Trainee: 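A single structure is presented below for examination.
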Amino acid sequence: MPLLRSDWAVLKFDPNGDIGQQCQTYGLSCWIPYNGTGAPCTDLYTLRSSYCAAYRMGYDALDPNRKTKLFLHGAGEIRKIQPYLLRNFYPLTPYSRATNSWIAW
């Protein structure tokens with residue numbers, strides 16, 4: 001069971017890193033539905049791009065610029081949808097890394 005499926009987003013600076021997280025979830029979940037990753041608590045799009053069954057958020061409580069409201073919102077949202085992430089995986093759109101298309105499951 002991969003709880004951290006890749007260091008790709010950490011090791012490689014990519015302005016479209018959120019798309020990479022979405023693509024990893026899409027590709028791996030077809031074969032291993034229970035997988036995990038973490039997301040930095042930077043913005044809502046980044047948090048949502050990494051949602052998966054074993055999801056963790058990076059939050060530094062000692063950082064004076066911490067985003068507590070964002071963290072609490074993201075934690076509440078993932079708690080609501082996590083039960084659905086522990087079921088079968090059904091792609092709703094074709095796989096795509098294009099910045100002008102949707103990827104959904």
Side-chain angles (χ1 to χ4, degrees):
M1 166 178 42
L3 295 178
L4 180 60
R5 55 195 176 202
S6 172
D7 288 339
W8 173 80
V10 176
L11 297 176
K12 178 183 176 189
F13 175 76
D14 184 353
N16 296 320
D18 299 328
I19 293 171
Q21 288 288 355
Q22 295 170 20
C23 291
Q24 286 183 55
T25 299
Y26 189 104
L28 186 59
S29 295
C30 289
W31 307 100
I32 306 171
Y34 191 77
N35 63 79
T37 193
C41 195
T42 55
D43 59 77
L44 195 53
Y45 182 76
T46 299
L47 291 178
R48 288 177 174 163
S49 293
S50 300
Y51 282 173
C52 60
Y55 178 78
R56 300 297 172 259
M57 287 187 285
Y59 178 77
D60 184 356
L62 301 177
D63 182 354
N65 299 316
R66 64 187 174 270
K67 298 181 179 181
T68 304
K69 288 183 181 179
L70 175 64
F71 175 80
L72 294 173
H73 178 84
E77 194 170 85
I78 192 66
R79 283 188 182 120
K80 288 179 185 175
I81 67 168
Q82 204 161 30
Y84 301 104
L85 299 173
L86 296 173
R87 291 176 168 66
N88 292 334
F89 179 80
Y90 299 100
L92 301 175
T93 59
Y95 177 89
S96 175
R97 292 185 60 217
T99 58
N100 63 349
S101 68
W102 288 80
I103 187 166
W105 51 88

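For clarity, every value in this text was computed on a predicted model and none was experimentally measured. One-based numbering along the sequence shown.
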Trainee: Rounded to the nearest 0.5 Å, what separation is found between the OH atom of Y55 and the CG atom of L47?
Mentor: 4.0 Å
Trainee: Which pair of heavy atoms, one from Y34 and one from A53, lies closest together, and at what distance?
Mentor: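 Heavy atoms of Y34 and A53 come nearest at CD1-CB, 3.6 Å.
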Trainee: Please find the pair of heavy atoms, one from I103 and one from T93, that lie closest to each other, and give the distance.
Mentor: CA-OG1, 3.2 Å
Trainee: May I ask you to decide if T42's main-chain N or O and K67's side chain share a donor-acceptor pair within less than 3.5 Å?
Mentor: yes
Trainee: Looking at every non-hydrogen atom in both residues, tell me the closest pair between W105 and Y26 and how far apart they are.
Mentor: CE3-CD1, 3.7 Å
Trainee: Mind checking the CE-OG1 spacing from M57 to T46? Nearest 0.5 Å is all I need.
Mentor: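 Nearest 0.5 Å value for the CE-OG1 distance: 12.5 Å.
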Trainee: Does OH belonging to Y84 count more than 12 external heavy atoms closer than 6.0 Å?
Mentor: no
Trainee: Grab the two heavy atoms, one from C52 and one from G36, that are nearest each other, plus how far apart they are.
Mentor: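 Between these two residues, the closest heavy atoms are SG-CA, 3.6 Å.
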Trainee: If we ignore hydrogens and angles and just use 3.5 Å, is the side chain of Q22 paired with the main-chain N or O of S50 as donor and acceptor?
Mentor: no
Trainee: Looking only at heavy atoms, what is the nearest atom pair of S29 and F89, with distance?
Mentor: CB-CD1, 3.4 Å
Trainee: Could you tell me whether a side-chain N or O of D63 sits under 3.5 Å from a main-chain N or O of D60, the two making a donor and an acceptor?
Mentor: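 Pair absent, no side-chain N/O of D63 close to backbone of D60.
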Trainee: Report the C-alpha separation of R66 and F71 in whole Å, then their side-chain angles, then the decisive distance to 0.1 Å, and conclude whether the side chain to side chain contact (heavy atoms under 4.5 Å, CB included) test is met.
Mentor: CA-CA 9 Å; R66 64 187 174 270; F71 175 80; over 6 Å; no
Trainee: Go through L85 and I78 one step at a time and tell me if the side chain to side chain contact (heavy atoms under 4.5 Å, CB included) criterion holds.
Mentor: CA-CA 10 Å; L85 299 173; I78 192 66; 4.0 Å; yes
